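Data block below; observations after.
Only a predicted model underlies this, so the values are computations on that prediction, with no experimental measurement involved.
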Amino acid sequence: MKTKITQRIVQDLAPKAKEYEIWDTELDGFKVRVRASGAASYLFTYRRPKNGLRTTVTIGQTSQLSAAVARDQAWSFAGEVRKGNDPALDPKR
């Protein structure tokens with residue numbers, strides 16, 4: 001499913017029999033993964049600058065971060081990728 005990820009959307013997410021993902025319509029690669037257990041996390045998926053492999057980094061759990069904070073972090077990751085950097089290899093993460 002694709003929709004703009006907002007705090008309201010995140011609050012309304014419910015677990016299903018299988019894990020599922022909600023992709024953001026505003027920022028490519030930003031998504032929320034909801035596990036069958038009910039645990040949900042913000043993620044950012046991108047292609048690594050050096051080899052083009054698809055990589056996903058976890059931003060944080062929805063229970064600990066707001067959608068706005070997670071989106072800001074995803075924008076930061078997207079900027080790093082555009083600069084040719086790989087957020088997954090950043091030692092500060």
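- No continuous path of hydrophobic side-chain contacts links Leu43 to Leu13 [ILVMFWY only; heavy atoms under 4.5 Å].
- We find the CH2-CD1 distance between Trp23 and Ile5 to be 9.5 Å, quoted to the nearest 0.5 Å.
- The two residues Met1 and Thr3 make their nearest non-hydrogen contact at CE-CG2, 3.9 Å.
- In terms of heavy atoms, Asp86 sits closest to Arg48 at OD2-NE, 2.9 Å.
- With values rounded to the nearest 0.5 angstrom, Glu21 atom CD is found 9.0 Å from Arg35 atom CZ.
- By the salt bridge (Lys or Arg N to Asp or Glu O under 4.0 Å) test, Arg54 pairs with no residue at all, sequence neighbours left out.
- Residue Pro15 comes nearest to Val34 through the heavy atom pair CA-CG1, 4.1 Å, listed as atom of the first residue, atom of the second, then distance.
- In terms of heavy atoms, Ala67 sits closest to Gln7 at N-OE1, 2.7 Å.
- Counting non-hydrogen atoms of neighbouring residues, nucleotides and ligands closer than 6.0 angstrom, the CG atom of Asn85 exceeds 12 such neighbours.
- Between atom NZ of residue Lys2 and atom CG of residue Asp24 there is a gap of 8.5 Å, rounded to the nearest 0.5 Å.
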**Q.** Leu65 vs Gln73, side-chain contact (heavy atoms from CB on, under 4.5 Å): CA-CA, chis, key distance, verdict
**A.** CA-CA 11 Å; Leu65 288 177; Gln73 185 64 57; over 6 Å; no
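- Here the closest heavy-atom approach between residue Tyr42 and residue Ser66 is recorded as OH-C, 3.4 Å.
- Phe44 and Leu53 fall into different hydrophobic clusters, where Ile, Leu, Val, Met, Phe, Trp and Tyr side chains are chained together by heavy-atom contacts under 4.5 Å.
- Across all non-hydrogen atoms, the minimal contact from Ala74 to Phe30 is CB-CD1, 3.6 Å.
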Q: Could you please spell out the steps behind the side-chain contact (heavy atoms from CB on, under 4.5 Å) verdict for Lys31 and Thr45?
A: CA-CA 8 Å; Lys31 63 184 176 179; Thr45 299; 3.3 Å; yes
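- The distance from atom CH2 of Trp75 to atom CD of Glu80, rounded to the nearest 0.5 Å, is 14.0 Å.
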